[in-house]
Amino acid sequence: MFQLDLAPADPILGLTETFKADTHPDKINLGVGVYQDATGQTPILEAVKQAERRLLETETSKSYLSIPGVPEVASHTQELLFGEGHAIIREGRAKTAQTPGGTGALRVAADFLQRARPQATVWLSNPSWANHRTIFEAAGFPVKDYRYYDRASQGLNGEGFMADLEGVADGDVLILHGCCHNPSGIDLDQAAWEAIAHQATAKNLVCLVDFAYQGFGEGLEEDRSGLHVLLNAGLAVLVASSYSKNFGLYNERIGAITVVEETAEEAVNAFSHIQAAIRAIYSSPPAHGGKIVATILGEDSLKALWIQELAEMRARIKHMRQAFVQGMTDRQQTVDFDFINHQKGMFSFSGLSQDQVLKLRHDNHIYIVGSGRINVAGITPANIDPLCDAIAKVL
């Protein structure tokens with residue numbers, strides 16, 4: 001039979017399982033990458049509940065979807081990415097397919113790129129979401145890193161980033177976090193996006209924007225500003241969208257892959273290969289999550305409710321950032337944690353070492369990824385004081 005060693009455990013999922021097995025009543029989980037409310041729960045949005053009630057009353061079939069999924073998911077995704085009535089939409093230069101989550105979108109993109117750029121090297125930020133490397137290596141690509149995070153300044157390594165960007169070869173693929181960088185919380189600035197656009201134009205690079213957190217940074221429109229730098233430069237891009245976070249639809253597995261080309265004809269041609277890749281992987285996506293998103297974005301009152309709830313999630317995360325920084329300032333003066341206030345989205349690099357992370361787990365039942373990345377949404381009014389007390393002791 002199969003002569004295989006045990007596959008390595010996923011560091012994030014493995015940490016979650018360890019947390020679940022811990023019976024301590026005051027344990028704290030800052031590792032899991034899902035939004036949590038002030039009570040520590042991952043809520044179902046009211047907009048989602050209302051949409052599901054409508055679907056329950058009106059749905060008449062559970063037949064397969066077509067390969068691209070719910071048609072309205074495509075049109076609404078493009079409106080979120082580009083803006084209603086954008087020239088890209090009017091000219092038919094974008095094509096979108098619904099996928100099983102953002103991960104599914106990335107895997108479809110990887111298989112599509114094997115058809116379009118089989119000799120390319122894929123470039124990831126260092127650090128990046130751990131599954132990025134796994135997905136693109138599984139698709140057969142060599143993967144290299146470009147410098148991104150500067151531990152000394154707790155900010156963007158702009159000099160290293162620019163130098164590595166110069167070294168990317170013609171025809172290669174750049175994976176970029178559209179906003180709310182996972183795991184650092186440090187986003188690219190305008191100058192960095194413009195440098196990417198310049199190099200992509202000069203070297204015929206493919207830019208794949210992983211847009212997993214639209215709306216979790218500054219707002220739906222503000223968070224797409226980097227993407228629009230690329231679009232305004234006339235570049236062909238791929239965008240992997242996720243609705244897990246901004247709709248709270250984690251277990252419904254709803255995302256989208258969008259290709260933007262220079263002409264409508266090129267978009268149609270590229271999309272035919274995206275559909276062929278989908279057919280070979282899963283044939284068609286699950287329906288329920290797509291119909292929820294389509295229902296909410298297709299009805300003005302539901303969309304307004306969703307935007308309000310998204311703003312409340314974003315505000316809670318920002319408030320917890322500020323409260324954590326203030327809590328650490330009140331307890332010690334050794335480390336200035338103000339850099340956390342300048343990071344965006346659910347995640348932050350705390351600056352904690354692996355030894356400090358392990359000590360927090362052993363002594364205080366606080367679960368943080370070994371890199372020191374914390375899920376800010378896991379901080380609540382109930383756990384912030386014991387969290388700050390414990391961290392102050394290990395500094």
Side-chain angles (χ1 to χ4, degrees), residues 77-91 93-96 102 105-106 109 113 117 120 122-126 128-129 132 146-149 155-168 170-182 184-242 246 256-263 266-267 270 342-345:
T77 295
Q78 291 182 20
E79 289 175 355
L80 287 177
L81 293 178
F82 312 131
E84 188 173 353
H86 194 281
I88 289 173
I89 299 174
R90 295 196 313 270
E91 296 164 8
R93 295 193 289 116
K95 295 292 181 182
T96 301
L106 289 165
L113 288 168
R117 296 284 177 97
V122 171
W123 292 81
L124 298 174
S125 64
N126 183 10
S128 192
W129 180 49
H132 277 149
Y146 56 84
R147 282 171 285 182
Y148 193 89
Y149 170 65
L156 179 68
N157 183 352
E159 185 176 333
F161 171 78
M162 295 296 183
D164 289 344
L165 194 60
E166 291 279 350
V168 174
D170 288 8
D172 279 353
V173 176
L174 280 177
I175 295 182
L176 306 159
H177 297 240
C179 67
C180 306
H181 184 274
N182 179 8
S184 73
I186 301 162
D187 282 354
L188 295 167
D189 57 22
Q190 179 78 9
W193 283 106
E194 290 175 356
I196 292 166
H198 174 76
Q199 290 290 348
T201 301
K203 296 183 176 182
N204 191 30
L205 305 179
V206 173
C207 294
L208 195 169
V209 180
D210 188 352
F211 219 177
Y213 298 95
Q214 187 177 5
F216 264 62
E218 297 295 336
L220 289 168
E221 294 183 9
E222 295 89 340
D223 289 351
R224 68 192 185 201
S225 60
L227 169 63
H228 279 238
V229 172
L230 305 182
L231 299 176
N232 291 340
L235 293 168
V237 299
L238 292 165
V239 186
S241 299
S242 171
N246 53 15
I257 181 68
T258 299
V259 58
V260 182
E261 277 283 12
E262 295 181 14
T263 69
E266 289 173 322
H342 304 288
Q343 298 168 354
K344 295 178 182 178

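As a basis for the values below, the full set of heavy atoms in this structure was taken, side chains included, without hydrogen atoms, waters or symmetry mates. Since the model is a prediction, treat every value here as computed from it, not as a measurement.
With rounding to the nearest 0.5 angstrom, the CG atom of Asn157 is 7.5 Å from the CD atom of Glu159. The OG1 atom of Thr263 sits 8.5 Å away from atom CZ of Arg93, with the distance rounded to the nearest 0.5 Å. The line from CD of Glu91 to NE2 of His86 is 9.0 Å long, rounded to the nearest 0.5 Å. Rounding to the nearest 0.5 angstrom, the gap separating the CG atom in Leu227 from the CG atom in Leu235 is 10.5 Å. In this structure, Asp187 CG and Cys180 SG are separated by 5.5 Å, a value rounded to the nearest 0.5 Å. A distance of 11.5 Å separates OG in Ser125 from CG in Asp164, rounded to the nearest 0.5 Å.
Listed by chain and number, the residues in a ring-ring contact (aromatic ring centres under 6.0 Å, His included) with His342 amount to none (sequence neighbours excluded). In this view, Trp123 satisfies the ring-ring contact (aromatic ring centres under 6.0 Å, His included) rule with no residue, not counting sequence neighbours.
Listed here is the closest heavy atom pair of Ala109 and Ile257: CB-CD1, 3.8 Å. Residues Thr258 and Ala94 come closest through the heavy atom pair CG2-CB, 4.2 Å. Listed here is the closest heavy atom pair of Glu261 and Ala267: CB-N, 3.5 Å. Among all heavy-atom pairs drawn from Cys207 and Ala200, the shortest one is SG-CB, 3.9 Å. Ala163 and Arg147 make their closest contact through CB-NH2, 3.7 Å (heavy atoms, listed as atom of the first residue, atom of the second, distance). Listed here is the closest heavy atom pair of Ala240 and Ala105: CB-CB, 3.8 Å.
In this structure, Glu166 and Gln199 have side chains that are in contact, with non-hydrogen atoms separated by less than 4.5 Å. A heavy-atom distance below 4.5 Å is not found between the side chains of Asp172 and Lys203. Two residues are said to be in side-chain contact when any heavy atoms from C-beta on lie closer than 4.5 Å; Leu174 and Leu165 meet this criterion. For the pair Leu106/His132, a side-chain contact is recorded, criterion being any heavy-atom separation below 4.5 Å from C-beta on. At least one side-chain heavy atom of Val260 sits less than 4.5 Å from a side-chain heavy atom of Phe82. Considering only heavy atoms from C-beta on, Thr77 stays 4.5 Å or farther from Phe211 through its side chain. Looking at heavy atoms from C-beta onward, Ile196 lies in side-chain contact with Leu188 at the 4.5 angstrom threshold. Looking at heavy atoms from C-beta onward, Asn204 lies out of side-chain contact with Asp170 at the 4.5 angstrom threshold.
In terms of modelled atom types and a separation under 3.5 Å, the side chain of Tyr213 and the main chain of His177 share no donor-acceptor contact. Asn182 contributes no side-chain N or O that, together with a main-chain N or O of Trp129, makes up a donor-acceptor pair within less than 3.5 Å. The backbone N or O of Leu220 lies less than 3.5 Å from a partner atom in the side chain of Gln214, making a donor-acceptor pair.
For His181 and Tyr149, the ring centers sit 6.0 Å or farther from each other.
Residues in residues 218-233 take part in these salt bridge (Lys or Arg N to Asp or Glu O under 4.0 Å) pairs, two or more places apart or across chains: Glu218-Lys344.
Between Tyr146 and Phe161, the two ring planes are perpendicular [angle over 60°; tilted spans 30° to 60°].
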Quiz item: Stepwise, does the side chain to side chain contact (heavy atoms under 4.5 Å, CB included) test hold for Gln343 with Ile186?
Solution: CA-CA 5 Å; Gln343 298 168 354; Ile186 301 162; 4.1 Å; yes
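Screening Leu208, Asp210, Leu81, Val259 for a side chain to side chain contact (heavy atoms under 4.5 Å, CB included) involving Val239 leaves a single residue, Leu81.
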